[in-house]
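Right, one structure below, let's go through it.
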Number of protein chains: 2
Amino acid sequence: MATIAEVAKRAGVGVATVSRVLNASPAVRDQTRQRVLDAIADLDYAPNAAARALSTGRTESVGVVAPFFTRPSVMERLRGVSHVLAGSRYQLVLFDVERPGQDSRSFRDLPGALDGLLSISLCPTDEDLERFEAAGTPIVLVDHPHERVPAVHTDDVAGGRLATEHLLELGHRRIAFVGDLEHNYHGFTSSAMRRVGYQEALAAAGVDPDPALTCRTAHGREPAAALAGELLASPSRPTAVFAASDTQAVGVLEAARELGLQIPGDLSIVGYDDIELARYAGLTTVAQPLEESGARGAELLLAALDGTTPIGHQLPVRLVARSTTSAPGRSRGAGARQQHQADGRDRRRQARQDGNRVRS
Amino acid sequence: MATIAEVAKRAGVGVATVSRVLNASPAVRDQTRQRVLDAIADLDYAPNAAARALSTGRTESVGVVAPFFTRPSVMERLRGVSHVLAGSRYQLVLFDVERPGQDSRSFRDLPGALDGLLSISLCPTDEDLERFEAAGTPIVLVDHPHERVPAVHTDDVAGGRLATEHLLELGHRRIAFVGDLEHNYHGFTSSAMRRVGYQEALAAAGVDPDPALTCRTAHGREPAAALAGELLASPSRPTAVFAASDTQAVGVLEAARELGLQIPGDLSIVGYDDIELARYAGLTTVAQPLEESGARGAELLLAALDGTTPIGHQLPVRLVARSTTSAPGRSRGAGARQQHQADGRDRRRQARQDGNRVRS
DNA sequence: TTGAAAGCGGTACCAG
DNA sequence: CTGGTACCGCTTTCAA
């Protein structure tokens with residue numbers, strides 16, 4: 001690979017001039033620039049990114065950390081991020097945080113190696129944050145609110161409430177919750193928040209919560225199916241299940257079918273996220289703009305990289321009633337495209353209408 | 001951010017020693033090592049990736065270029081790549097090649113900035129290849145065969161044949177093909193190959209091909225739905241459609257339902273890829289191991305990075321009959337879990353059984 | 001408008 | 001085992 005020195009020599013100029021041409025500096029005579037350009041073409045020269053990074057202190061790349069890359073919801077967010085970043089000069093470096101520990105190692109080294117960081121669903125520790133701040137590396141959070149860091153998030157508690165209220169309104173009283181294990185490292189809290197919303201809604205309706213109906217298991221369709229298998233085999237089985245994610249909801253759906261239960265006649269099911277699959281499974285769910293959240297997060301990060309101080313904001317959630325919910329004991333769907341709007345958006349930011357439009 | 005020099009000073013040693021500790025060289029007395037380690041901890045030192053890259057010539061990162069990041073099939077492949085890479089020391093730099101041109105720019109600079117490259121579904125030009133070869137940067141292809149470059153691929157022609165034969169066996173004669181536009185830059189050829197398989201199967205069955213039934217449109221559910229809408233409204237509509245991807249098949253499915261057609265009674269549909277959605281849509285499809293292909297590709301690349309010269313191989317495809325196909329005019333599914341096995345694997349490599357196992 | 005030279009923060013060779 | 005030092009390739013003053 002040719003170096004800048006070779007280009008300079010061939011063009012009969014100094015390396016500084018080549019550098020100027022490379023960086024589109026106006027302070028180069030046209031004639032000179034052309035000689036340099038020719039030399040670059042002749043030598044098939046391409047600048048060395050590492051050398052440039054070392055010299056400038058910037059790497060032209062942003063990191064995206066995402067847990068559970070496996071999850072469709074994360075994939076959809078990533079898609080939004082990728083699209084926005086593809087239009088910028090930054091490269092996207094992906095950190096798949098599947099197992100704990102893996103990330104803490106990375107996080108330490110990251111500030112120096114990256115110009116910015118987008119954290120999806122994960123919340124960096126205060127220590128991590130300090131490190132980034134010290135290095136002047138901006139961070140933006142997606143799917144996790146934060147006091148000090150710009151974040152694009154939704155109100156998971158409100159979402160959980162929404163799902164549960166939908167079931168309550170249909171007449172259900174024995175409503176189970178199926179969510180993730182909550183001893184997550186690094187504050188992956190959405191399932192827990194949705195559970196809180198669930199409990200709030202039950203309490204508000206004066207329904208006595210049955211602890212046996214609040215279930216948690218490893219994320220994924222199969223664990224949820226296994227759990228639901230037991231739950232639904234019980235004589236005191238619930239008439240409805242609110243799952244903290246569509247993936248888990250589909251697991252519950254499978255388990256129910258396995259047991260010969262009619263959906264929604266014998267069991268109503270509400271999911272969360274509205275991933276593409278939910279639409280095809282006809283799943284009633286709490287929808288949030290996944291791809292958009294990623295895109296917004298990336299835009300915020302780009303803005304931060306540009307020197308501005310972006311402020312985060314909340315995206316709306318809404319209930320999408322499909323065919324997995326109905327009144328208990330009935331066999332028809334919830335009927336008439338019933339859609340509750342409930343964006344838990346901060347009222348003080350109500351004005352940001354344009355920023356919060358829901359694509360439907 | 002602390003530098004190696006500061007650490008050295010604080011530990012009372014030379015920078016070389018610190019570097020040795022950093023790189024786990026055994027040639028350091030334990031006592032000295034400890035002093036250095038302490039200094040590192042005190043200063044909260046983290047090595048600078050750019051400096052290291054400049055010095056060693058290696059960046060510890062591999063690029064993954066993927067077109068149409070939007071496609072579920074690509075996402076599933078990426079998932080496999082990510083999982084394997086997460087277990088290595090390499091970082092994953094993602095290149096989303098949505099629009100042409102975007103990539104050619106990148107490709108030029110890539111060899112220097114990356115230790116290796118994994119190209120998904122895309123085929124680099126010979127020129128690109130030369131550049132990588134010259135830079136000693138290994139490339140591995142996923143979903144695209146190649147003579148000179150290790151690749152993990154499937155036989156798309158065989159897959160197209162498989163789908164079409166399935167329909168022919170059911171008794172269909174008017175079989176349409178719905179695929180991507182074929183004037184793709186950079187050799188994204190799978191749709192075209194599947195079409196060839198379709199045509200071969202028709203010819204082998206002695207069915208006169210009707211050019212009006214071979215359709216191509218932009219990739220995606222909606223374009224396919226629009227196309228199918230016209231195709232199916234025609235009085236001489238086909239009794240079956242083979243779509244070059246599940247996404248397009250779902251579009252056809254929607255269009256058919258829109259027209260009030262019974263599936264599979266009035267129209268049989270076969271997709272391709274067996275993405276997660278296919279399972280829920282009950283779509284008959286040609287399955288290929290998507291996630292596995294990504295994982296395999298990543299393993300190959302890791303092997304190449306390790307100095308070995310890996311050889312690519314072919315992964316099997318098979319038909320999965322679900323409920324969108326039946327004999328023409330009947331209203332039931334294709335029945336008894338009929339599954340054709342047809343991995344178009346190179347017979348000379350037949351021995352590599354272990355490497356080609358199908359997960360079902 | 002241009003060139004010389006001093007870093008940027010490591011690695012690795014060469015002495016000792 | 002350890003330290004000094006010459007690069008790695010580019011950017012960016014500083015002078016000319």
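Letters A, B, ... are given to chains in the order of the sequence lines, protein chains preceding strands, and every chain is numbered from 1.
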For [X] and [N], what is the distance between atoms [atom1] and [atom2] respectively, to the nearest whole Å?
X       : N      : atom1 : atom2 : answer
A:Arg35 : C:dT1  : CZ    : C1'   : 12 Å
A:Ile40 : D:dC10 : CD1   : P     : 10 Å
B:Arg58 : C:dG10 : CZ    : P     : 16 Å
A:Glu6  : D:dC8  : CD    : P     : 11 Å
A:Gln34 : C:dT1  : CD    : C1'   : 17 Å

Toward the 5' end of DNA chain C, which comes first, B:Thr17 or A:Gln31, by nearest nucleotide?
->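 Upstream on the strand: A:Gln31.
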Any A:Thr32 side-chain N or O less than 4.0 Å from OP1/OP2 of C:dT1 |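 For C:dT1, neither OP1 nor OP2 has a side-chain N or O of A:Thr32 closer than 4.0 Å.
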For A:His219, which residues count as a side chain to side chain donor-acceptor pair (under 3.5 Å) partner, sequence neighbours excluded?
->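 Listed in chain order: A:Arg71, A:Asp180.
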Looking for any heavy atom pair under 4.0 Å, which part of the strands does A:Val18 touch: base, sugar-phosphate only, or nothing?
-> nothing
So does [Y] get a backbone contact from the side chain of [X], meaning a donor-acceptor N/O pair under 3.5 Å?
X       : Y       : value
B:Asn23 : B:Ser19 : yes
A:Glu6  : A:Thr3  : yes
B:Arg35 : B:Ala11 : yes

Quick one: which protein N/O atoms are closer than 3.5 Å to N/O atoms of nucleotides 6-9 of chain C? Pair and distance per line, please.
residue: C:dG7; atom: N2; partner: A:Ser55; partner atom: OG; Å: 3.3
residue: C:dG9; atom: N2; partner: B:Ala51; partner atom: O; Å: 3.4

Residues in residues 19-29 of chain A with a heavy atom under 4.0 Å of DNA chain C, by number, are A:Arg20, A:Ala27, A:Val28, A:Arg29
Derivation and outcome, side chain to side chain contact (heavy atoms under 4.5 Å, CB included), residues A:Arg148 and A:Asp126 | CA-CA 10 Å; A:Arg148 296 160 42 211; A:Asp126 283 348; 4.0 Å; yes
What is the minimum heavy-atom distance between [X] and [Y], and which atoms define it?
X        : Y        : value
A:Arg77  : A:Ser121 : NH1-OG, 4.3 Å
B:Val149 : B:Leu141 : CG1-CD1, 4.0 Å
A:Asp115 : A:Thr59  : OD1-N, 2.8 Å

For A:Ala50, enumerate each residue passing the side-chain contact (heavy atoms from CB on, under 4.5 Å) test, keeping only those at least two apart in sequence or located in another chain.
-> A:Asn48, B:Ala53, B:Leu54
Contact list for residues 39-57 of chain B, test salt bridge (Lys or Arg N to Asp or Glu O under 4.0 Å), sequence neighbours left out | A:Arg108-B:Asp44, A:Arg131-B:Asp44, B:Arg10-B:Asp42
Which is it for A:Leu129 and A:Ile139 under the side chain to side chain contact (heavy atoms under 4.5 Å, CB included) test, yes or no, and what are the steps along the way?
-> CA-CA 8 Å; A:Leu129 248 31; A:Ile139 296 196; 3.7 Å; yes
Please report how far the helix from C:dT1-D:dA16 to C:dG16-D:dC1 bends, comparing the axis fitted to its first five pairs with the axis fitted to its last five, to the nearest 10 degrees.
->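 It comes to 40° between the two terminal axes.
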